[in-house]
Amino acid sequence: MGTTGSAAPERAGLGARPLSGSSPSRTTDRPGPHAVWRFLPAAAAYLLLVSLLLASDTTVSDVARYTFYVLWGVMLPGTLVFRALRRRPHSLVEDLAFGTVLGLVLELAAWAALVGTGAQAFALAWPLAVVIPFTAVPKLRRHWRPRGYTRPSLGWSWSVSGTVMLSSVYFHQVFLSLYPVLPDKEDSRLFNDMPYLLSLAANAKHNVPLTFPQAAGEPLHYHWFTFAHMAMTDMVGHIDLAVIESRLMVPALAALGMVIAAVVAQRLSGRAWAGPLAALLVFAVAEFTAIYPNPVPTWTFGAPAVRLMSWSSLSLTYSQPLLIALMGVIGDALRRSRKEGATAADGEGADRVPRFGREVYVLVALFALASTAAKASTLPVTLAGLALAGLVLLITTRRIPWQVVGLGAILGGAQLFATAVIFNFESYGLEIIPFGNIRGYWADQGNLRSPAFQALVVVGTLVAFVLNHQLKLLGIIPLVSKRRLRLEPVQWFLLGASVAGPCAYLVVNGYNASYFTLAALPFGAVLSAWGFCETFERAELGARAKAALAFAALAFSALLTFGIYRYSGRWSAYVLRLAGDKGRGATSYSVLLPALALAAALVLAALVGAVLWWLGGRVWPALRGRGAIVLLTAALTAGTPGIFHDVLQSRESLWSYSYVLPRSHVQAARWIRAHSEPSDVLATNSHCWQVEGPLPAGTKCDINTRSQWLSAYSERSVLIEGWGYAPRAMALSGGGAAYYGPFWDQELFRFNEDAVYRPTAAILRRLHDRHHVRYIVAHRPSGAESPLLAKLAKKVYDNGQMAVYELS
């Protein structure tokens with residue numbers, strides 16, 4: 001194949017080296033004397049997470065139930081089916097990682113069948129549909145105890161486990177310990193999207209497909225598979241949805257994402273240590289910035305990859321393992337596209353990981369279908385990467401790459417299904433406006449800049465964008481340059497996807513377009529880790545040199561973290577003064593200058609260091625040929641301060657957009673949940689949700705129409721609550737994060753308000769008979785209900801702040 005010829009010279013120096021991090025022996029299915037030590041890394045990560053959950057007011061019962069649910073309802077059925085679909089076993093951790101992700105896919109089918117037929121009571125038994133055939137059929141029975149596993153090294157296992165433990169501590173500090181499971185005070189605060197996400201999960205317990213809980217009966221054209229997963233967790237594990245959302249789901253799915261990232265990186269690159277590094281790059285290395293504190297309003301280029309979005313966007317957290325698994329099986333199929341006997345350009349170890357076999361197409365289809373409605377940005381990025389790989393194969397081989405065409409047809413079919421059936425062609429306000437998300441930074445309203453200076457501002461903005469999200473992908477450069485662009489198909493696939501995401505953000509206008517960038521990062525992280533491993537191998541460092549490199553990386557990270565934390569204010573003021581910005585933030589690009597100046601200072605330091613390294617190499621030959629790995633390590637480490645700054649920032653104050661949600665509100669909603677049926681509809685006068693609590697009575701509600709607490713904690717649909725996230729409303733938002741205009745049916749809205757403030761017997765009868773409303777929930781902070789309501793309906797609950805009236 002035309003893309004493999006460039007590797008032969010490189011293999012002369014590397015061909016004898018075994019795949020690092022794993023044993024070449026395949027007769028390792030016997031326990032051996034050190035079996036306990038092999039499972040200790042996983043046990044340590046699990047026990048640390050359990051201890052952090054218990055310290056965050058999670059009950060032992062909930063932890064035990066969730067553990068049972070994951071093992072019985074996700075991991076077991078998924079692993080058995082995965083073993084039946086892959087050709088040969090490679091390692092236990094790979095089977096469990098891919099199997100657990102596949103279990104999430106099977107769970108969706110089980111959810112649709114159970115909820116669609118009203119058989120939720122049998123949710124606990126659904127894994128028997130897999131367990132019984134794999135127990136009864138002899139050809140399937142062998143998958144309970146497969147043989148021929150390769151054992152990863154203890155160093156590899158502890159590295160992946162350490163990454164998971166790092167993330168668990170991070171989530172405890174910035175999320176688990178900050179927000180209560182249920183508001184327990186009148187001034188309790190909750191991040192503003194959490195009630196909305198909770199309401200969708202509650203809706204998924206009873207509706208296929210989901211409807212919009214804040215406007216009863218309104219269809220929800222949205223990527224809602226996440227909430228089907230939450231509903232199944234509730235139905236199988238019998239765990240309160242609030243506990244699932246605020247405690248259990250996020251760290252568990254993040255851990256799964258890290259493990260599957262490590263497994264996929266090893267499979268595609270053939271280098272075991274690319275696995276832990278890829279996991280770190282995806283989940284621990286944050287954006288490059290010089291600002292502290294860095295709350296949501298100061299984010300410069302949309303949603304970040306780590307930081308807040310890893311726990312507040314449940315759809316992102318849920319979709320990442322599915323996307324990474326999809327990347328892995330497509331990449332494995334592209335590995336199969338080599339001619340037999342061709343030289344492998346991706347390293348001598350690549351073929352040591354057995355390929356999946358023809359069943360890989362089934363895996364691609366399953367992961368693609370689940371991914372596309374888990375997060376809408378995932379498949380377009382994946383398709384772009386596959387298109388680039390196919391184009392390169394077409395040019396270099398002068399033949400149609402039918403394998404790529406087949407994979408593309410599967411992805412295209414999944415995308416079409418989601419676009420037409422799940423999303424109903426909703427745009428959510430996204431529009432094709434090139435550079436619409438960033439051109440504000442180079443805006444020159446008064447045309448005061450010279451053309452040369454304006455060009456400099458434009459270039460500086462683009463550089464700042466690349467630095468912010470893409471700095472941790474610099475490992476791609478030595479990988480591509482060493483091969484002189486003659487890459488393997490799987491490498492073209494990863495490269496195409498990693499570039500497509502940022503490009504989509506630059507072309508599609510709207511805050512949600514930043515999810516294209518986030519979807520591309522796992523592809524780039526695997527390729528960057530791959531390039532780092534090859535650069536590391538070429539350096540041929542000894543034990544002392546490796547230790548020195550690790551120490552230097554830690555020291556650099558600590559210095560950068562401390563420097564930004566302590567001096568970012570002074571640094572920003574100095575840079576702005578140096579740039580002639582007399583008023584802080586007076587120019588359109590002011591917020592970008594501190595990071596650009598810090599990057600320039602680091603580049604200058606790197607150039608000075610390179611000269612000194614070259615001079616030192618003339619005296620100490622051991623330095624020769626090893627400067628590249630030092631420089632690359634520093635570049636990939638430059639984003640590490642982010643997660644530490646998050647922890648420090650969260651200790652000082654809650655995240656921006658953490659709103660007051662009083663205990664009295666939730667108590668009323670939970671009372672309704674206990675005294676109503678899932679088909680019952682509620683009516684309320686609560687429509688707005690402000691940072692410091694409800695608007696004063698009588699104030700017009702024309703901003704932040706995101707009141708979602710009632711539908712969330714009652715687990716019932718509301719005739720009209722908050723409509724800021726409704727699909728038909730978001731289409732009018734112009735790409736904004738929410739819609740702030742009036743409700744689309746003003747006649748219905750007035751009727752809803754009349755039921756609270758100007759009730760009549762006819763209004764309440766129509767509310768009950770036509771709209772199936774059982775309870776009217778009077779939100780007194782928004783306005784006291786009419787005294788007539790108590791005469792026309794039965795008051796069944798009153799805690800002073802909230803009153804509930806039953807219609808009959």
Would you say Met258 and Val160 make side-chain contact, with heavy atoms under 4.5 Å?
-> no
Considering all heavy atoms, the nearest Ser514-Ala303 contact = OG-N, 3.1 Å
Shortest non-hydrogen pair, Thr637 vs Ala553, comes out as CG2-O, 3.6 Å
Can you find a heavy atom in the side chain of Phe225 that is under 4.5 Å from one in the side chain of Leu322?
-> no
All heavy atoms of Val105 vs all of Leu366, minimum pair found to be CG1-O, 3.6 Å
Please report the shortest heavy-atom distance between Gly357 and Arg87, naming the atom on each side.
-> CA-NH2, 3.6 Å
Hey, does Arg83 have a side-chain heavy atom less than 4.5 Å from the side chain of Asp95?
-> yes
Extract all donor-acceptor atom pairs below 3.5 Å that involve side chains of residues 376-387 and protein atoms in other chains or at least two apart in sequence.
from   : atom 1 : to     : atom 2 : distance (Å)
Ser377 : OG     : Tyr515 : O      : 3.2
Thr378 : OG1    : Ser371 : O      : 3.2
Thr378 : OG1    : Lys375 : O      : 2.9
Thr382 : OG1    : Thr378 : O      : 2.9

Would Glu534 and Lys482 satisfy salt bridge (charged side-chain N to carboxylate O under 4.0 Å, His left out), going step by step from the backbone distance to the final call?
-> CA-CA 10 Å; Glu534 288 198 0; Lys482 189 69 177 179; over 6 Å; no
Can you see which heavy atom on Phe283 is nearest to which on Ala261, and at what distance?
-> CE1-CB, 4.4 Å
Residues Glu359 and Arg86 bridged, charged N to O under 4.0 Å = no
Within-4.5 Å side-chain heavy-atom neighbours: Ile643 and Val285 | no
Compare all side-chain heavy atoms of Phe367 with those of Leu102 and state whether any distance is below 4.5 angstrom.
-> yes
Check the pair Leu391 / Trp492 against side chain to side chain contact (heavy atoms under 4.5 Å, CB included), numbers first and verdict last.
-> CA-CA 10 Å; Leu391 178 62; Trp492 282 117; over 6 Å; no
Donor-acceptor pair, side chain of Asn437 and main chain of Tyr505, under 3.5 angstrom | yes
Phe82-Phe356 aromatic ring centre distance below 6.0 Å = yes
Inspect the contact between Glu537 and Arg271 and indicate whether a charged nitrogen and a carboxylate oxygen are less than 4.0 angstrom apart.
-> yes
So, do Leu104 and Leu256 sit near enough that their side-chain heavy atoms are less than 4.5 Å apart?
-> yes
What is the distance from atom CZ of Arg267 to atom CD1 of Ile260, rounded to the nearest 0.5 Å?
-> 9.5 Å
May I ask you to check whether Phe523 and Phe493 place their ring centers less than 6.0 Å from one another?
-> yes
Lys/Arg N to Asp/Glu carboxylate O, Lys546 vs Glu540, below 4.0 Å = no
With side chains defined as the heavy atoms from C-beta onward, is the minimum distance between Ile476 and Ser498 less than 4.5 Å?
-> yes
Given the side-chain rings of Phe301 and His469, with only the six-membered ring counted for Trp, is the space between their centroids under 6.0 Å?
-> no
Contact summary for Leu467 and Phe288, nearest pair of heavy atoms | O-CB, 3.3 Å
Does the pair Val264 and Phe98 meet the rule for a side chain to side chain contact (heavy atoms under 4.5 Å, CB included), with working shown?
-> CA-CA 9 Å; Val264 165; Phe98 271 107; 3.7 Å; yes
Report yes if some heavy atom in the side chain of Leu541 is under 4.5 Å from a heavy atom in the side chain of Arg626; otherwise report no.
-> yes
